[in-house]
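Proteins get letters first, then strands, A, B, ... in listed order; numbering begins at 1 in each.
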Amino acid sequence: MNKYKTVIRYMDTLLSDTPLLLFDSLFSGQTFRWIISPNNKHCFISVIQGSPVILIAEDTMHILVFSDTETIGDKPLRKWAEHYLTIDIKGPFFSDVSLFFSSSNTPTLLMDFNGLKVLREDPFETAVTFMCAQGIGMPIIRRQVMNICRVFGDAVTFSFEGNPYTLYGFPSPERLAAAHPGELRLCTNNNCARASNVRKMAEAVASGRLDFRKLAAPERSLDIIREELCGYDGIGPKIADCIALFGLGRFDAFPIDTHVRQYLYEWFGLKKAAMALTAKNYMELQREIRTILNPDLAGYAGHLLFHCWRKRVKRLDTA
DNA sequence: TGCCAGGTGTACT
DNA sequence: AGTACACATGGC
């Protein structure tokens, strides 16, 4: 038996008129720290802000949220879950999809991802995670994040449904700022520059020089956000846009990576997507896609497309 | 074996 | 301004 006193039947049709794809939401790249329970493939476990959090998908419409604490951070659990799972974001993501796809069955493929949610993650964790995601595959990215948590994060031990768990929270900026370079390098796929870049960014956050709360102020333009973030070594336009999208709740931010570039060419016929992704080209592609997708939710929409492309076209199952 | 993976910084022309 | 290459390693 477990000690979990807070049990919430979270989603129902009153809260959302679209199904929520829990698995896809958690493992399509917003976070790399959730693990799947050995007992139940629809049960996901992580440590958020020092507290264990368990999500169980009963079906695509209903999610149970468990924790042994009443609050996550400064929010009651239910409020936190609503915010984290972006229940407030419902679209529309596309004006009229069928008008823009030259080829075939893409709109049909996309319907499977109607309920996929982009999550509101912690900005520091998001920054570190995507700094670890340069030109390498998902398994290595996930391993790096897990390593960083295991070596530098605080362990949280608890039991759930009779099973003992020891998981690690994401380390604080102060902790990573003080990390020994060699020790951090072992966590970042043996990449010295990456370890150094992560440590310097953590120092900036710890000192208050980089303030994600201020950066997330709604009146800041994406250009200003990108410019500030790109001032740090190891953060270019793509990673800056990822931090804005997943960490700052800026769902208009549209990161363009290798997969996005591919579907921009194949699905939307953007010729520049076939050329080298220079800084100028990157911005030009962003301008073009914003004329097709809802500009206020371009990044959110882009993530549905991203996920659909990886799963249905590239047949990539690595989370 | 060789290419691709949620890119970026640097050193060239 | 545009191109080539190093960085590091696992999967297919």
K.L.:
When you compare C:dA4 with B:dC3, how far apart are their P atoms, in angstrom units rounded to a whole number?
P.N.:
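Per the computed distance, 15 Å lies between those P atoms.
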K.L.:
How long is the gap from CD on A:E82 to CZ on A:R120, to the nearest 0.5 Å?
P.N.:
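Reported to 0.5 Å precision, the distance equals 10.5 Å.
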K.L.:
Could you encode protein contacts along nucleotides 5-12 of chain C as a string, one character per nucleotide from 5' to 3', using B for base contact, S for sugar-phosphate-only contact and - for no contact, with a heavy-atom cut-off of under 4.0 Å?
P.N.:
--SBBS--
K.L.:
Taking all atoms of both residues into account, what is the closest heavy-atom pair of A:V156 and A:G50, and its distance?
P.N.:
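Reported closest heavy-atom pair: CG2-O, 3.7 Å.
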K.L.:
Report the nucleotide, chosen from B:dG6, B:dA5, C:dG2, that has the shortest atom-to-atom distance to any side-chain atom of A:K280.
P.N.:
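Closest of the options to the side chain of A:K280: C:dG2.
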K.L.:
Just one of A:W309, A:F113, A:F251, A:F246 clears the ring pair (Phe, Tyr, Trp, His ring centres under 6.0 Å) bar with A:H303, so which one?
P.N.:
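Result: among A:W309, A:F113, A:F251, A:F246, A:F246 is the only option passing the ring pair (Phe, Tyr, Trp, His ring centres under 6.0 Å) with A:H303.
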K.L.:
Report which part of the nucleic acid A:Q144 touches: base, sugar-phosphate, or nothing (heavy-atom distance under 4.0 Å, all strands).
P.N.:
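Nothing, no heavy atom under 4.0 Å.
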K.L.:
Is a donor on one side and an acceptor on the other found under 3.5 Å between the side chain of A:D211 and the backbone of A:V205?
P.N.:
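The answer is no, because no donor-acceptor pair under 3.5 Å joins these two groups.
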K.L.:
Provide, to the nearest angstrom, the distance between the CG atom belonging to A:L264 and the P atom belonging to B:dG6.
P.N.:
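Value for this atom pair: 16 Å.
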K.L.:
Compare every heavy atom of A:P255 with every heavy atom of A:A253, then report the nearest pair and how far apart it is.
P.N.:
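Taking A:A253 first and A:P255 second, the nearest heavy atoms are O-CD, 3.4 Å.
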K.L.:
Send over the distance from A:W309 CH2 to B:dC4 P, rounded to a whole Å.
P.N.:
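The answer, rounded to whole Å, is 14 Å.
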K.L.:
Taking the nucleotide of DNA chain B with the closest heavy atom to each, which residue, A:Y232 or A:I141, is nearer the 5' end?
P.N.:
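Between the two, 5'-proximity favours A:I141.
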K.L.:
Starting at CZ of A:R261 and ending at P of B:dC4, how long is that distance when rounded to a whole Å?
P.N.:
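Those two atoms, CZ and P, are 10 Å apart.
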K.L.:
At less than 4.0 Å, is any side-chain N or O atom of A:T258 found next to OP1 or OP2 of B:dA5? Yes or no.
P.N.:
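For B:dA5, OP1/OP2 do have a side-chain N/O of A:T258 under 4.0 Å.
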K.L.:
Does A:P237 reach a base, just sugar-phosphate, or nothing at all? Heavy atoms under 4.0 Å.
P.N.:
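Since only primed, P, OP1 and OP2 atoms lie under 4.0 Å of A:P237, the category is sugar-phosphate.
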K.L.:
Does A:Q262 or A:Y282 map to a spot on DNA chain B nearer the 5' end, using the closest nucleotide for each?
P.N.:
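It is A:Q262, whose closest nucleotide lies nearer the 5' terminus.
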K.L.:
So is the aromatic ring of A:F306 stacked onto the base of B:dG6, judging by whether the centres are under 5.5 Å apart and the planes are under 30° apart?
P.N.:
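Yes; centroid distance and tilt both under limits.
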K.L.:
Do any side-chain nitrogens or oxygens of A:K314 fall under 4.0 Å of OP1 or OP2 in B:dC4?
P.N.:
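Result: no.
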K.L.:
Please report, rounded to the nearest Å, how far the C1' atom of C:dG2 is from the CE atom of A:M275.
P.N.:
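It is 10 Å, rounded to the nearest whole Å.
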K.L.:
Rounded to the nearest angstrom, tell me the gap between atom NZ in A:K200 and atom C1' in B:dG9.
P.N.:
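Rounding to the nearest Å, NZ of A:K200 and C1' of B:dG9 are 11 Å apart.
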K.L.:
Apply the test ring pair (Phe, Tyr, Trp, His ring centres under 6.0 Å) to residues A:Y165 and A:F160: give CA-CA distance (whole Å), side-chain angles for both, the deciding distance (0.1 Å), then the verdict.
P.N.:
CA-CA 8 Å; A:Y165 290 92; A:F160 181 69; 7.1 Å; no
K.L.:
Figure out the CD1/P separation between A:I256 and B:dT8, and round it to whole Å.
P.N.:
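It is 11 Å, rounded to the nearest whole Å.
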K.L.:
What's the gap between B:dG6 and C:dC12 when it is taken at their P atoms, as a whole Å value?
P.N.:
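Straight-line distance between the two P atoms is 12 Å.
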K.L.:
Is there a path of hydrophobic side-chain contacts, each under 4.5 Å between heavy atoms of I/L/V/M/F/W/Y residues, joining A:L270 to A:M283?
P.N.:
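Both belong to a single hydrophobic cluster.
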K.L.:
Students often mix this up, so state it plainly: with edges at 30° and 60°, are the rings of A:Y263 and A:F268 parallel, tilted or perpendicular?
P.N.:
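Rings of A:Y263 and A:F268: tilted, as their planes differ by 30° to 60°.
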K.L.:
In whole Å, what separates the P atom of B:dA11 from that of C:dA8?
P.N.:
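Going atom to atom, P in each nucleotide, I get 16 Å.
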K.L.:
In terms of side-chain heavy atoms of A:D233, which of B:dG6, C:dG2, B:dG9 is nearest?
P.N.:
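Minimum distance to the A:D233 side chain belongs to B:dG9.
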K.L.:
To the nearest Å, give me how far apart CZ (A:R226) and C1' (B:dT8) are.
P.N.:
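One finds 15 Å between C1' of B:dT8 and CZ of A:R226, rounded.
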K.L.:
Of the listed nucleotides (C:dT3, B:dG6, C:dA1), which one gets closest to any side-chain atom of A:H259?
P.N.:
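Minimum distance to the A:H259 side chain belongs to B:dG6.
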K.L.:
Specify the separation, in whole Å, of atom CG of A:L277 and atom C1' of C:dA4.
P.N.:
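Taking CG of A:L277 and C1' of C:dA4, I get 16 Å after rounding.
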